[in-house]
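Notes follow once the structure below has been shown.
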Amino acid sequence: MSSQEKTEVLNGAEQSLDREQRYDAQRIESKWHQRWQQQPELYRAEPPTSAGKKYYVLEMLPYPSGALHMGHVRNYSIGDALARYMWMKGHNVLHPMGWDAFGLPAENAALKNNRPPREWTLNNITNMKRQMNRLGFSYDWSTEVTTCLPDYYRWNQWFFLKFYERGLAYRRKSKVNWCPECATVLANEQVVNGCCWRHEETPVEQRDLEQWFLRITNYADELVRDLDKLEGWPEKVRTMQRNWIGRSEGAQVDFNVADSRGKITVFTTRIDTIFGATSIQLAPEHPVVSKLIANDPELLTRLDELVAEQRAARDAGALGEAEKHGFFTGRYAVNPFNNEKIPIWVANYILMEYGTGAIMSVPAHDERDYEFAKKYDIDVRIVILPRRHEQSEEKEPALPYTAMNSLLINSGEFSGLGNEEAIQRMTQFAEEKGFGKRKVTYRLRDWGISRQRYWGTPIPILYCDKCGIVPVPERDLPILLPENVEITQQGGSPLAKVPEFVNAKCPKCKGGARRETDTMDTFVDSSWYFYRYTDAKLATAALDSRAVEYWFPIDQYIGGVEHAILHLIYSRFWTKAMRDLGLIKNAEPVERLFTQGMVIKSGAKMSKSRGNTVSPDDMVSRYGADSTRVYSLFAAPPDRDLDWQENGVEGVSRFLAKVYRLVMKYAEFSSKAPSSPSAAARDLERKLHQTLRRVSTDFEGRWHFNTSIAAIMELVNAITAAEGQISSGGIPAKQVSSTLRTLVLMLAPFAPYMASELWQTLGERSQLLRESWPKFNPELAREEQVEIPIQINGKNRSRIVVPAGLDDEEVRTRATIDDKIRALLDGKEVVKVIVVPNKLVNIVAR
RNA sequence: GCCGGGAUGGCGAAACUGGCAGACGCAGCGGACUUAAAAUCCGCAGGGCUUAAAAGGCCUGUGGGGGUUCGAUUCCCCCUCCCGGCACCA
C-alpha cells in the first residue's frame with residue numbers, strides 16, 4: 001500500500017468517525033419492529049411436506065397474568081436464540097406461542113374489577129403479546145393457541161368423551177383436596193406441603209365429593225419405564241417423576257382374622273421378613289376396623305379420635321411429624337406362613353390411600369414398626385441377619401435392621417435363603433397356597449380433573465334422572481361456557497347458578513337433564529396444546545395426524561423446573577392416551593427437555609410478594625430489547641439461577657454500542673488484502689475462527705450462552721486492539737469489515753434487532769434469518785505458537801514459547817536449557833520430566 | 001431422614017477429558033481526551049510477604065479436613081453450609 005493510499009484509508013476512518021452515530025437502541029428497535037410486524041410470514045414454518053429437516057422448538061406457554069416477568073424473558077430468550085440458530089442452520093423451524101388462558105386468577109380479577117374473565121384475559125393477552133413482539137421473539141403467530149377459546153377447548157371436551165368411551169374418564173365419590181381460598185378441588189399434584197400450590201399459606205382440607213377422574217394410573221407402569229428412554233431430559237426431572245409415580249414391587253398377603261370369616265390383606269415389599277411379623281397394623285380409616293371393634297364403644301370412640309387426628313395432620317401437611325400411636329383392637333390375625341396368631345392394632349402411621357391400608361408389622365426390620373413396637377412393648381423378632389453374621393449368631397445386628405443382601409433365620413423352610421431369593425420363593429409359595437400374590441403398587445393416584453370454577457372447560461356430561469350419566473354427543477360440541485355469569489366464589493360451581501346452562505335435554509330419552517357444572521382442571525389444556533400448534537386452525541379435528549407425525553416429537557422443550565411433575569407428567573400421559581386412540585404414533589411428546597434456572601434478585605426469587613421484581617417493559621425502554629435479552633443469557637449459564645444486576649445490563653448495552661460503532665466505522669472499507677498477510681492479520685483471523693468454534697459448539701452442546709457471548713466480546717476486544725495495525729497496513733480494513741460481518745451473524749440469535757440493523761449497514765439486503773450460520777475452519781482456529789509454563793515439582797518457574805504441536809522430546813530439551821530452569825535445577829537431580837503437549841512441562845527434581 | 005444440585009476475587013462468572021485458577025462482564029483504581037463532565041480509549045487489579053517506591057522475587061489461594069497423583073476447582077473418603085424435590089409410601 002502506498003503512503004497516499006494509507007492516508008486515504010485514514011481519512012476514511014476519520015470521516016466515518018465524524019458521521020458516527022451513537023447506538024440508539026430505541027431508534028433501531030422501533031424501525032425493525034415496525035418492519036417485522038408487517039411481515040407475519042417471517043417466522044412461519046414450511047408445511048410438513050417440506051424437504052428441509054424439521055426442528056420443533058417450544059417454550060412453555062405462559063398464563064396471561066397481565067405482564068411478562070423476567071423468568072419469561074429468560075425462558076423465551078433461550079428458546080429464541082435456539083430457534084434463530086436452527087433457522088440459520090437451514091432447518092424448517094416451528095416456533096409457536098400460545099396462552100394457557102383458563103384459570104382462577106381471571107375469576108379473582110373479575111370479582112375485583114367487575115369485568116368478565118374473558119375480557120380480562122384477552123386484554124392481558126394483548127399486552128403480553130405486545131411485550132413479546134417488542135422483545136423481538138420469533139414466534140409464528142399464525143399458529144397461536146388460546147386455550148380459553150371454544151375452537152380450542154371444544155377439543156378438550158372431545159378428548160374427554162373419547163376417554164370416557166374407553167373408561168379412561170370416570171366419576172366417583174372420593175375424598176378430595178379442597179382449597180378454601182380457590183373454593184375448588186385440587187389434584188394431588190397441586191397440593192404442596194399440605195397447602196394449595198397457589199396459596200402456600202392455605203392448608204388444604206379434605207372433602208367428600210363426586211368427581212371426574214382420568215385414569216392416569218393405567219399408564220403408571222409405562223410412564224415409569226419410558227423415563228429410561230428420555231435421555232434428553234435432565235436426570236433431576238426423571239428422578240422427580242420416578243419418585244412421584246412411586247412404583248414399588250411387592251406382594252399382597254391375606255391374613256385370616258381369628259374367630260371370624262374375615263381376612264385382612266396387607267401389602268409388603270419385604271415378604272422375606274414375614275416370619276418376623278408380630279402384629280397387624282391397620283389404617284384408622286380402614287373399613288374393617290369398625291367391624292372388628294363393633295361391640296366395644298370405648299374403642300370406637302378412640303377410633304373416631306384417631307381418624308379425626310389423622311385427617312387433621314393430613315390437612316396440616318404434618319403426616320410424617322405426628323408421634324406414632326394407636327391401640328390394640330382385642331382381635332387377632334393368623335400369619336399364613338406359620339399359623340401364628342398375632343394381635344391386630346390400629347395405628348396413625350398407616351395410610352388408607354397407599355397399598356391396602358394394612359400392613360404386617362415387622363419391628364425388627366422396619367424403622368416405623370420398630371418405633372411403634374418399642375412404645376407398646378410388642379415383640380421384636382429377628383428373622384434376617386447380615387451375611388457376615390453367619391458364624392457369630394450371638395451378636396445381634398443393630399435394630400431395626402433393614403438392609404438387603406442378608407440371610408433368613410427363624411423362617412421355617414425358608415431359613416438360610418438369601419433375602420432376594422426368599423422374596424421370590426415366598427411370593428411363589430403364597431401364590432400356590434392361594435393366600436397371596438405378586439403385586440405392584442404405585443404412589444401415583446388417578447388425576448381428579450373436576451373444578452368447581454367458572455373459567456374452565458365445561459365437562460361435556462349430562463345427568464338424566466332416567467338414563468343416569470349421559471355423555472354429550474360429539475355433534476353437540478362445543479358446550480360453550482356461558483357469558484355474563486356471576487362470580488361469587490361461594491356456594492360451589494358458578495355454572496350451577498345459570499339455569500340456561502344447567503337445564504338440557506337428555507340425548508337418549510329426550511327428557512329433562514342437568515348439565516355437569518364443574519369445569520376441567522387447566523392442566524388439561526396444557527397437556528396437549530403443543531399438538532394443536534401443528535395445525536392450529538383445523539376446524540374438523542383436534543389435530544392433523546400427518547402434521548403431528550412430521551413435527552413430533554418436540555425437538556426441544558424449554559421451561560421452568562417447577563413443571564417437572566404436574567405439567568410434564570400429565571403431558572406424557574395425554575400423549576400415550578392419544579396414541580392409544582390411534583391419533584398419533586409417538587409415545588412421548590418431548591425429545592429433549594431443558595429446565596432453566598430461576599431469576600433471582602438480592603438473594604431471593606423474584607416475586608411480587610417480595611417486591612423485588614424487575615419489569616421487562618422498564619428494561620426494554622431503558623436499555624432496549626437486545627441488551628435485556630443478551631444480559632439474560634450472559635449473566636449465568638441458562639440452567640443455573642440468574643442473579644439480576646442492573647449494571648450488568650448496562651455493561652451489555654455498552655458492549656453492543658461498541659459493536660455498533662465498529663461496524664459503522666468499517667462497514668464500507670474495501671481495500672484489498674495484502675498478498676502475504678501479516679502476523680497480526682493472521683491473529684485476527686484465528687481469533688475469529690476460535691470465536692466461531694466456541695459459539696457453534698455452545699449451540700450444539702451444553703448451551704452455555706454466557707461463554708458464547710463472552711467469546712464474542714473477546715473478539716470485539718481483539719478487533720479494537722488490532723485497530724492500531726490498520727493504519728500501519730498490518731491489517732487490511734477489509735478484513736476488519738469482513739470479521740465484523742461474521743460477528744454480526746453470530747450475534748443474530750442473541751440480539752436480532754442490532755444484528756439486522758448492522759447487516760443492512762454492511763450493505764446486505766437479505767433476510768438475516770435465512771443466512772447460513774458461518775462455518776469455522778479448524779485449521780484457521782489452530783494456534784501456531786503456544787506459551788507453556790515450565791514447572792519444577794508442580795510450581796510454575798518459567799515460560800517458553802514453542803510452535804504448537806512441537807515434538808515432546810524437543811519441548812523437553814528446550815525446557816531444560818531455559819536459563820531460569822537451569823539455575824533452579826543446579827545441584828538437584830532430575831527424577832522425571834512430564835511433557836503435556838501444548839500445555840505444560842513439569843520437571844520432578846530432588 | 002432420603003434423592004438431586006451447588007459453594008471459585010468486592011460481585012455475576014470461566015477453566016469442556018486430571019495439566020498455566022480467575023477468561024468475559026460488573027464494581028473499583030490510575031491515566032488520556034475535555035474548560036469541566038458524560039461518552040470513549042489506554043492501563044492496573046485474588047490475598048499476603050519482601051521493597052522508600054517500582055521492577056522483580058517468594059509464599060499462599062477454588063467451603064473445611066484427609067487421600068490418590070509428577071500434578072486436583074476437576075477423582076476418592078469424611079464433614080459444614082445453601083438451594084430444590086420427596087418424606088410415616090409399608
Side-chain angles (χ1 to χ4, degrees), chain A residues 20 22 192-193 234-240 242-244 246-248 250 266-270 281 283 310 313 317-324 347-351 353-362 366-369 371-372 441-444 561-562 564-565 597-598 600 603 605 631 634-637 639-652 654-655 657-658 661 694 697-698 701-702 704 706-714 716-717 720-721 723 786-796 799 831-845:
Chain A
E20 170 192 308
R22 184 166 296 183
V192 179
N193 292 329
E235 192 51 49
K236 176 189 172 128
V237 173
R238 295 201 277 173
T239 306
M240 282 167 74
R242 213 170 273 127
N243 291 341
W244 187 262
R247 184 180 195 277
S248 126
V266 305
F267 173 73
T268 179
T269 55
R270 295 298 301 270
Q281 301 287 346
Q310 196 183 35
L319 266 181
E321 282 130 62
E323 199 194 328
K324 292 180 184 39
N348 66 338
Y349 71 98
I350 310 300
L351 308 172
E353 57 271 22
Y354 185 78
T356 60
I359 63 150
M360 60 175 206
S361 172
V362 185
D366 181 281
E367 309 227 349
R368 295 147 303 178
D369 295 346
E371 194 184 330
F372 192 84
T441 299
Y442 300 91
R443 209 189 78 111
L444 183 72
V561 73
E562 63 272 19
I565 296 175
M598 288 187 298
I600 301 264
K605 186 185 172 172
Y631 175 72
F634 175 66
D639 51 338
R640 289 252 287 265
D641 287 350
L642 182 156
D643 193 47
W644 193 272
Q645 294 184 2
E646 188 159 332
N647 44 31
V649 190
E650 230 172 288
V652 164
R654 272 204 288 269
F655 158 68
K658 197 166 167 181
R661 274 195 309 275
R694 166 83 278 148
T697 52
D698 276 341
R702 51 182 199 160
H704 281 195
N706 55 328
T707 57
S708 313
I709 294 164
I712 297 174
M713 287 173 170
E714 281 188 61
V716 168
N717 292 345
T720 317
E723 280 197 276
V786 284
E787 193 192 26
I788 61 172
I790 305 165
Q791 303 184 332
I792 296 176
N793 295 332
K795 285 185 176 147
N796 290 2
R799 308 180 72 83
V831 179
K832 199 173 171 186
V833 178
I834 290 127
V835 178
V836 184
N838 298 329
K839 296 277 187 190
L840 59 61
V841 177
N842 187 14
I843 300 168
V844 186

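Everything numeric in this text was worked out from a predicted model, so none of it was measured. Heavy-atom basis, side chains included; hydrogens, waters and symmetry copies ignored. Numbered from 1 within each chain, the chains take letters A, B, ... in sequence-line order.
Checking G85(B), U40(B), C24(B) against the side-chain heavy atoms of R661(A) singles out U40(B) as nearest. Nearest to the side-chain atoms of K324(A) among the listed nucleotides A87(B), G19(B), C88(B) stands C88(B). Set against C70(B), C20(B), U40(B), the side chain of R654(A) has U40(B) as its closest nucleotide. Closest contact between the side chain of T268(A) and the listed nucleotides C41(B), C20(B), A90(B) involves A90(B). Of the candidate nucleotides C70(B), G19(B), C26(B), C26(B) has the atom lying nearest to any side-chain atom of N647(A). Distance from the side chain of I565(A) is smallest to C86(B) among G19(B), C86(B), C41(B). Comparing C88(B), C42(B), G85(B) against the side chain of Y349(A) picks out C88(B) as the nearest. Taking the side chain of L840(A) as heavy atoms from C-beta on, and the options G19(B), C24(B), A90(B), the nearest nucleotide is G19(B). The listed nucleotides are C86(B), G71(B), C20(B); the one nearest the side chain of N842(A) is G71(B).
Among all heavy-atom pairs drawn from I359(A) and Y349(A), the shortest one is CD1-OH, 4.0 Å. When all heavy atoms of G357(A) and I350(A) are compared, the closest pair comes out as O-CG2, 3.5 Å. Summarising the geometry of W244(A) relative to R443(A), their closest heavy-atom pair is CE3-NH2, 2.6 Å, with the distance given to 0.1 Å. Nearest heavy-atom pair, T356(A) versus V266(A), reported as atom, atom and distance to 0.1 Å: OG1-CA, 3.5 Å. Taking every heavy atom of both residues into account, V362(A) and D369(A) meet most closely at N-OD2, 2.9 Å. Pairing each heavy atom of Q791(A) with each of G794(A), the nearest pair is OE1-CA, 3.5 Å.
Going from the P atom of A21(B) to that of A87(B) covers 46 Å, rounded to whole Å. Comparing G12(B) with G1(B), their C1' atoms are spaced 35 Å from each other, to the whole Å. When the P atom is used for both G63(B) and U40(B), the distance is 35 Å, rounded to whole Å. Rounded to the nearest Å, the gap between the P atom of A13(B) and that of U50(B) is 35 Å. Distance check on atom P: C33(B) versus G46(B) gives 28 Å, rounded to whole Å. Comparing the P positions of G47(B) and A55(B) gives an interatomic distance of 14 Å, to the nearest angstrom. On the P atoms, G18(B) is 16 Å away from C77(B), given to the nearest whole Å. Distance check on atom P: U8(B) versus C49(B) gives 24 Å, rounded to whole Å.
Regarding R799(A), its CZ atom lies at a distance of 10 Å from the P atom of C20(B), rounded to whole Å. Here the P atom of nucleotide A7(B) and the CD1 atom of I600(A) are 15 Å apart, to the nearest Å. The separation between L444(A) atom CG and C86(B) atom C1' is 15 Å, rounded to whole Å. In this structure, the CE atom of M713(A) is 10 Å from the C1' atom of C26(B), given to the nearest Å. One interatomic measurement links the two molecules: NZ of K236(A) to P of C86(B), which rounds to 10 Å at whole-angstrom precision. Taking atom NZ on K832(A) and atom P on U69(B), their separation rounds to 10 Å, with Å as the unit. For the pair N793(A) CG and C59(B) P, the interatomic distance rounds to 11 Å; values are reported in whole Å. A straight line from CD1 of I350(A) to C1' of A90(B) spans 7 Å, rounded to a whole angstrom.
Stacking of K324(A) on the aromatic ring of F372(A) is not recorded, the 6.0 Å distance cut-off and the 45° axial limit not both being met.
Note on T720(A): only backbone sugar-phosphate atoms sit closer than 4.0 angstrom, heavy atoms only; bases stay farther off. At the heavy-atom level, N717(A) lies under 4.0 Å from the strands shown only through sugar-phosphate atoms. In this structure, A322(A) reaches the bases: a heavy-atom distance under 4.0 Å links it to at least one base atom across the strands shown. Heavy atoms of I709(A) sit nowhere under 4.0 angstrom from any nucleic acid atom. E235(A) comes within 4.0 angstrom of nothing in the nucleic acid, heavy atoms only. Residue G651(A) is classed as a sugar-phosphate contact, given heavy-atom separations below 4.0 Å to backbone atoms only.
Environment of CD in E562(A): crowded, with over 12 heavy atoms of neighbouring residues, nucleotides or ligands closer than 6.0 Å. Other residues, nucleotides and ligands contribute at most 12 non-hydrogen atoms within 6.0 Å of the CD atom of E323(A).
T697(A) is not listed as a side-chain neighbour of R702(A), based on a closest heavy-atom distance of 4.5 Å or more. When side chains are defined from C-beta on, Y631(A) does not count as touching E650(A), because their heavy atoms never get closer than 4.5 Å.
Glycosidic conformation, G46(B): anti, with the torsion outside 90° of 0.
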What's touching nucleotides 10-15 of chain B from the protein side, N or O pairs under 3.5 Å?
from   : atom 1 : to      : atom 2 : distance (Å)
C11(B) : O2'    : Q645(A) : NE2    : 2.8
G12(B) : O2'    : A635(A) : O      : 2.6
A13(B) : O3'    : N706(A) : ND2    : 3.4
A14(B) : OP1    : N706(A) : ND2    : 2.8
A15(B) : OP1    : R702(A) : NH1    : 3.0
A15(B) : OP1    : R702(A) : NH2    : 2.5

Passes side-chain contact (heavy atoms from CB on, under 4.5 Å), R270(A) versus D366(A)? Steps please.
-> CA-CA 9 Å; R270(A) 295 298 301 270; D366(A) 181 281; over 6 Å; no

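One finds the CZ atom of R661(A) at 8.5 Å from the CZ atom of R22(A) (value rounded to the nearest 0.5 Å).
Neither OP1 nor OP2 of A90(B) sits under 4.0 Å from any side-chain N or O of S361(A).
Comparing M598(A) and D698(A) by the nucleotide of RNA chain B whose heavy atom lies nearest to each, the residue mapping closer to the 5' end is D698(A). Position along RNA chain B of the nearest nucleotide to K795(A) versus V652(A) favours V652(A) as the more 5'-ward residue.
The strand RNA chain B forms stems, runs of 3 or more Watson-Crick or G-U wobble pairs with distances below 3.5 Å, at B:1-7 with B:80-86, B:10-12 with B:24-26, B:28-32 with B:40-44, B:46-50 with B:56-60, B:63-67 with B:75-79.
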